[in-house]
Participant: 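Mind looking over this structure? Questions follow.
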Amino acid sequence: MPTKTPPSTITFASMMKAPSAETWTMFMKPQARMAESLLKHNIEMLEFLKARFERDREMLDELADAGSPAEAMAMWQGFWQKMLTDYSVETNKLAASATEIAEQAIRAATEEGEAMVTAAGGKSKD
């Protein structure tokens, strides 16, 4: 029966050269900026939703206090008009934010490509 050879302690990862701090930074900065843009976008959406849900809750309180069906209908009309305006404004904000995120993604990809060229020993375009 053949003897088993012990597994090698050399791994692929141990053969790779660790990136320098400068190279690491070149890769991470674009990623960090991209993540920051996405988080700002998400925060904007969550703040909008919180404000809208608060207005929805307030509307229920106001409807409960309405003195007549005509007063309730007037409240509903104002509520829907304000809601449509709010969503329209927020849609414009989110569209601008999405455009910014797309531009940031292009910048990040460009910077990462330059970082790869630099890390591979080439010269980046300045």
Side-chain angles (χ1 to χ4, degrees):
M1 179 168 190
T3 61
K4 292 184 181 179
T5 53
S8 173
T9 56
I10 298 174
T11 63
F12 181 71
S14 68
M15 293 171 30
M16 293 177 55
K17 180 181 167 189
S20 68
E22 182 181 342
T23 302
W24 181 256
T25 300
M26 287 190 306
F27 282 107
M28 291 309 295
K29 279 198 184 244
Q31 292 296 322
R33 286 193 302 271
M34 186 68 191
E36 183 178 355
S37 294
L38 289 168
L39 288 171
K40 283 181 182 178
H41 183 82
N42 289 340
I43 289 167
E44 172 63 33
M45 287 191 302
L46 291 171
E47 286 174 346
F48 171 76
L49 288 172
K50 180 181 186 269
R52 279 301 325 151
F53 289 147
E54 286 295 327
R55 287 189 195 101
D56 293 353
R57 187 188 52 75
E58 290 168 6
M59 180 60 182
L60 293 174
D61 289 342
E62 291 172 12
L63 279 175
D65 294 336
S68 70
E71 187 180 345
M73 287 303 293
M75 285 180 194
W76 269 115
Q77 181 182 5
F79 173 80
W80 281 96
Q81 286 176 340
K82 175 69 173 136
M83 183 185 70
L84 291 173
T85 300
D86 288 349
Y87 274 98
S88 176
V89 168
E90 189 64 19
T91 299
N92 289 334
K93 283 183 188 178
L94 293 176
S97 176
T99 299
E100 181 183 322
I101 289 170
E103 290 170 353
Q104 181 64 42
I106 291 168
R107 284 192 298 273
T110 301
E111 290 176 24
E112 289 172 356
E114 290 175 358
M116 284 185 206
V117 169
T118 301
K123 293 185 179 181
S124 67
K125 179 181 91 174
D126 287 335

Participant: Identify whether the distance between the nearest side-chain nitrogen and carboxylate oxygen of Glu54 and Arg57 falls below 4.0 Å.
Facilitator: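 Answer for the salt bridge query: yes.
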
Participant: Holding to side chain to side chain contact (heavy atoms under 4.5 Å, CB included), I want the full list of residues that pass it with Thr110, two or more places apart in sequence or in another chain.
Facilitator: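 Here the qualifying residues are Ile106, Glu114.
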
Participant: When Ile, Leu, Val, Met, Phe, Trp and Tyr are grouped by side-chain heavy atoms lying under 4.5 Å apart, directly or through other members, which residues fall in the same group as Leu46?
Facilitator: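 ILVMFWY cluster around Leu46 holds nothing else.
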
Participant: Could you list who else is in Met59's hydrophobic cluster, with ILVMFWY side chains joined at under 4.5 Å, directly or through other members?
Facilitator: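 Answer for Met59: Phe48, Leu49, Phe53, Leu63, Met75, Trp76, Phe79, Trp80, Met83, Tyr87.
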
Participant: For Glu71, give me all partners under salt bridge (Lys or Arg N to Asp or Glu O under 4.0 Å), at least two apart in sequence or on another chain.
Facilitator: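 Glu71: no salt bridge (Lys or Arg N to Asp or Glu O under 4.0 Å) contacts found.
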
Participant: With sequence neighbours left out, which residue pairs that include part of residues 85-103 fulfil the salt bridge (Lys or Arg N to Asp or Glu O under 4.0 Å) condition?
Facilitator: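 Sorted result for residues 85-103: Glu44-Lys93, Arg52-Asp86, Arg55-Asp86, Lys82-Asp86.
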
Participant: Could you work out, with side-chain hydrogen bond (donor to acceptor under 3.5 Å, both in side chains) as the rule, every residue matching Gln77, not counting sequence neighbours?
Facilitator: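 Gln77 satisfies side-chain hydrogen bond (donor to acceptor under 3.5 Å, both in side chains) with no other residue.
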
Participant: Just wondering, are more than 12 heavy atoms of other shown residues or ligands nearer than 6.0 Å to CE in Met73?
Facilitator: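 12 or below, so no.
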
Participant: For a quick test of reading the model, state the closest non-hydrogen atom pair linking His41 to Ser97 and the distance between them.
Facilitator: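 So the minimum-distance heavy-atom pair works out to ND1-OG, 2.6 Å.
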
Participant: State, with a plain yes or no, whether a side-chain heavy atom of Arg107 is found less than 4.5 Å away from one of Gln104.
Facilitator: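 Of all side-chain heavy-atom pairs linking Gln104 with Arg107, at least one is under 4.5 Å.
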
Participant: So, taking the atom named CG in Leu94 and the one named OG1 in Thr99, what distance separates them when rounded to the nearest 0.5 Å?
Facilitator: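 Answer for the CG-OG1 pair, Leu94 versus Thr99, is 10.5 Å.
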
Participant: For Asp65, enumerate each residue passing the salt bridge (Lys or Arg N to Asp or Glu O under 4.0 Å) test, keeping only those at least two apart in sequence or located in another chain.
Facilitator: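 With sequence neighbours excluded, Asp65 shows a salt bridge (Lys or Arg N to Asp or Glu O under 4.0 Å) to no residue whatsoever.
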
Participant: Who else is in Met34's hydrophobic cluster (ILVMFWY, side-chain heavy atoms under 4.5 Å, direct or via others)?
Facilitator: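 ILVMFWY cluster around Met34 also holds Leu38, Ile101.
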
Participant: Partners of Ser37 by side-chain hydrogen bond (donor to acceptor under 3.5 Å, both in side chains), sequence neighbours excluded?
Facilitator: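 Not a single residue meets the side-chain hydrogen bond (donor to acceptor under 3.5 Å, both in side chains) criterion with Ser37.
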
Participant: Test of understanding: with salt bridge (Lys or Arg N to Asp or Glu O under 4.0 Å), list the residues that count as partners of Lys29, not counting sequence neighbours.
Facilitator: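 By the salt bridge (Lys or Arg N to Asp or Glu O under 4.0 Å) rule, Lys29 matches no residue at all.
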
